[in-house]
Amino acid sequence: MPKALMPGPDIESDAGLLDLITTKDPQREEALFAEARRRRAEHYGSGVYFRGLIEFSNYCRNDCYYCGIRRGNARAERYRLDTDAILNCCRMGDLLGYKTFVLQSGEDPWFTDERMVEILGAIRREFPDHAITLSIGEKSRESYERFFRAGANRYLLRHETADEAHYRALHPASMSLAERKQCLFNLKEIGYQVGAGFMVGTPFQTPENLLEDLRFLRELRPHMVGIGPFIPQKDTPFGGYPPGSLELTLRMVALTRLILPGALIPATTALGTISPRGRERGLMAGANVVMPNLSPKAVRKLYSLYDNKICTGDEAAECRLCMEGRIRDFGFEPDMARGDAIDGNEQSPCLC
Ligand code: 5AD
Ligand code: FES
């Protein structure tokens, strides 16, 4: 069939989506990636936004079975950055041209709402025009409101899996998918630009679970979606399971781009960890954001969600330069603008 008459990937039906999730046909896969690149270019051209990631505490009250900084991991060496250290990361990031700071941590009770508001206030005073993204887990609606008023603009909270039974298989009984989803809807209502997301290849995951993730994205319509392969961490209950597949992760990135064409989708560090050009391939599958690390070099290795994490030995400036080079090699343009979410998701067809 001439190329112009070839039907595009069928993302309208569950059967079509499942077919694309599971395809082993390299030609169909490449057509999917090409369509995702086309949609991405429609909204974002060839630009790739940079976000500076500050991992400010690896203490966590939760015990997710997959995560290296889970409470039950007695071998994790714990650290916290104080307000000054966090501000210094922001200053370094600002000098390097970053316009977004992403503050990520485990669910660390030491960082009470009051302390978070103080930190947010300090960053806001010094950087009134930067975007501040929080990624600090599940909180009450009131807490989210306080952080928003204190200057946070965006919030990342991956749902991890949108299937109830699968969620229970990945988390202890104290955590629930319903709670997670409620947090995401609360964040959206408050006015945050919201990031959901999931891991690919976690133990017990089925293609139907991944379909459920896409259906949930259609329902929530987040501004950002983080997708990365599961990677085992040796001191966790899932330490003996195999990592997620690169190709399947890339197909999920591409399908997410087709479902939410205006979304901000990072080419994740986990993708770069399972394959030397994983992040670049993420961009080629429709991603348009990278999140180089701004954390102090001394603590980088300790924020060890999974084994063999890349970029733990580099200075912030090296990380930025390295990412710039990699991006250009694949025909993309680094974009240091704030890069707020655009309202491009309304064109997505509805499944209901
Ligand atoms: N492999 C890959 N990603 C992981 N995360 C946590 N543990 C792992 C792992 N073992 C991801 C989760 C979390 C994000 C911060 O890191 O999706 O939301
Ligand atoms: Fe920290 Fe899951 S182990 S949120």
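Every value quoted in this text rests on a predicted model; they were computed, and no experiment measured them. Order of listing sets the numbers, starting from 1, for every ligand and every atom in it.
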What protein heavy atom is closest to [atom], reported as residue, atom name and distance in Å?
atom                    : value
atom 7 (N) of ligand 1  : Y66 CD1, 3.3 Å
atom 16 (O) of ligand 1 : L305 CD1, 3.4 Å
atom 18 (O) of ligand 1 : E160 OE2, 2.6 Å

May I ask whether G68 has any heavy atom positioned less than 4.0 angstrom from an atom of ligand 1? no
Non-hydrogen atom of M199 closer than 4.0 Å to ligand 1: yes
Any donor-acceptor pair under 3.5 Å linking the side-chain atoms of T23 with those of D25? no
Drop me the distance from C311's SG to N293's CG, to the nearest 0.5 angstrom. 7.5 Å
Between the side chains of R70 and D235, is the shortest nitrogen-to-carboxylate-oxygen separation below 4.0 Å, so that they form an ion pair? no
Before accepting this row, confirm whether a basic side-chain N of the pair E219/K181 lies closer than 4.0 Å to the acidic partner's carboxylate O. no
Filter on side-chain hydrogen bond (donor to acceptor under 3.5 Å, both in side chains), then keep only pairs touching residues 266-279, sequence neighbours left out; what's left? none
Exercise: identify the closest heavy-atom pair between A152 and Y192: CB-CE2, 3.8 Å
Tell me the contacting part of S135 for ligand 1: side chain, backbone, both, or neither, using a 4.0 Å heavy-atom threshold, strictly below. neither
Between R158 and ligand 1, which residue portion shows a heavy-atom distance shorter than 4.0 Å: side chain, backbone, both, or neither? side chain
Which atoms of ligand 1 sit under 4.0 Å from any heavy atom of C67? 7 (N)
Has R80 got its NZ or CZ under 6.0 Å from the middle of the six-membered ring of Y59, at an angle within 45 degrees of the ring axis? yes
If I apply the N/O under 3.5 Å rule, does I231 come out as touching ligand 1? yes
In terms of its nearest heavy atom to atom 2 (C) of ligand 1, the top option of G228, P229, G244 is P229
